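Below is one structure, written out as C-alpha cells; comments come after it.
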Amino acid sequence: MPQNRKNLIDLFIGNLSNAIVHEIMEKATENKEIASHYKKEVENSLKISKKYRSKINPINAVLSEKDIGYIKKKLVNKVKSKLKERILEGYENINLDLIEELVNKTLRETKIS
C-alpha cells in the first residue's frame with residue numbers, strides 16, 4: 001500500500017503543478033485565444049488532481065505535516081522547473097514570483113493545508 005500511496009501523491013503533484021504552470025502562463029499572455037486554452041488546461045488538471053487527492057486519504061482527513069511539507073516542496077520545485085524551461089523556449093512575461101502564492105492557494109483548494 002505505501003508504494004501505491006506514493007504514486008498517488010506523485011500523480012497529484014504532477015497534475016497540480018500542471019494547473020499552476022498553466023495558470024501562470026494564462027496570466028503571462030495577452031492573447032485571449034491562448035489564454036482560454038490555458039484556462040481549460042487549469043480546470044482539467046485541477047479536477048484530476050482533486051480526484052487523486054481524494055484517493056490519497058479521505059478528503060476531510062488531515063495529512064501529516066511531513067506529507068504536506070513533501071508535497072509543497074516538490075510542487076514548488078516542479079513548477080519552477082517547468083516555467084524555467086518555458087522561459088528558455090522563448091516564452092515571455094512569466095512571473096516566477098507568483099509560484100509560492102499559487103501553490104498555497106491550490107493546496108488550500110485541494111484541502112492539503
Side-chain angles (χ1 to χ4, degrees):
M1 189 75 163
Q3 292 88 10
N4 189 31
R5 186 172 191 280
K6 169 95 170 81
N7 289 341
L8 288 172
I9 289 173
D10 288 342
L11 289 167
F12 171 75
I13 291 169
N15 280 285
L16 208 54
S17 68
N18 192 51
I20 294 168
V21 165
H22 282 88
E23 190 168 346
I24 292 172
M25 297 297 295
E26 178 186 355
K27 292 177 182 192
T29 187
E30 294 175 5
N31 185 325
K32 299 283 186 199
E33 189 174 313
I34 294 173
S36 70
H37 170 75
Y38 289 143
K39 186 173 179 63
K40 287 178 188 174
E41 190 65 31
V42 167
E43 292 168 0
N44 188 41
S45 293
L46 203 52
K47 181 177 154 187
I48 293 169
S49 68
K50 286 179 181 179
K51 287 181 184 177
Y52 285 122
R53 166 61 180 98
S54 67
K55 290 179 182 182
I56 293 169
N57 71 341
I59 203 78
N60 294 330
V62 178
L63 289 171
S64 71
E65 289 297 319
K66 181 181 173 186
D67 285 341
I68 293 169
Y70 172 80
I71 290 169
K72 185 173 181 177
K73 181 180 174 187
K74 291 284 276 190
L75 195 55
V76 168
N77 290 339
K78 193 166 195 146
V79 171
K80 275 184 188 175
S81 174
K82 285 182 178 184
L83 289 174
K84 285 179 180 179
E85 284 178 23
R86 299 279 179 115
I87 291 169
L88 289 174
E89 291 173 4
Y91 287 81
E92 297 176 350
N93 301 326
I94 295 175
N95 187 353
L96 296 177
D97 295 332
L98 293 173
I99 294 172
E100 196 75 30
E101 174 188 332
L102 291 175
V103 165
N104 290 331
K105 181 187 107 183
T106 54
L107 289 178
R108 279 190 305 274
E109 278 181 33
T110 55
K111 299 185 181 177
I112 293 294
S113 61

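Nothing fancy with the numbering, it's 1 onward along the sequence. Since we're looking at a predicted model, the values are computed, not measured.
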| request: State, with a plain yes or no, whether a side-chain heavy atom of K6 is found less than 4.5 Å away from one of Y70. | output: yes
| Flag, side chain of S45 to backbone of V42, donor-acceptor distance under 3.5 Å | no
| query | Got H22 and N44 here, is their nearest side-chain heavy-atom distance under 4.5 Å? | reply | no
| field | pair K50-S54: side-chain heavy atoms closer than 4.5 Å | value | no
| If you look at every heavy atom in T110 and S49, which pair is closest and at what distance? | CG2-OG, 4.3 Å
| remark: Looking only at heavy atoms, the pair that brings L16 and L107 closest together is CD2-CD2, 4.0 Å
| message | Is any side-chain heavy atom of K82 closer than 4.5 Å to one of K78? | response | yes
| CD of E26 to NE2 of H37: how many Å apart, nearest 0.5 Å? | 11.0 Å
| Residue pair I112 / I68: nearest heavy atoms and the distance that separates them | O-CD1, 3.4 Å
| Within 6.0 angstrom of E33 CD, more than 12 heavy atoms from elsewhere | no
| Got a second to check how far L96's CG is from I24's CD1, nearest 0.5 Å? | 7.5 Å
| said: Any non-hydrogen side-chain atom of N93 less than 4.5 Å from a side-chain atom of T29? | reply: no
| query | Quick one: CG on L11 to CG on N15, what's the gap to the nearest 0.5 Å? | reply | 7.0 Å
| Close side-chain approach of N95 to K27, heavy-atom, < 4.5 Å | no
| said: For K55 versus L8, what's the shortest heavy-atom pair and its separation? | reply: O-CD1, 3.7 Å
| message | Just checking Y52: does its OH atom have more than 12 heavy atoms from other residues, nucleotides or ligands closer to it than 6.0 angstrom? | response | no
| query | Does a side-chain heavy-atom distance below 4.5 Å link I71 with L63? | reply | yes
| field | I56 with V62, same ILVMFWY side-chain cluster at under 4.5 Å | value | no
| message | Please check: side-chain N/O of N104 versus main-chain N/O of E100, any donor-acceptor pairing under 3.5 Å? | response | yes
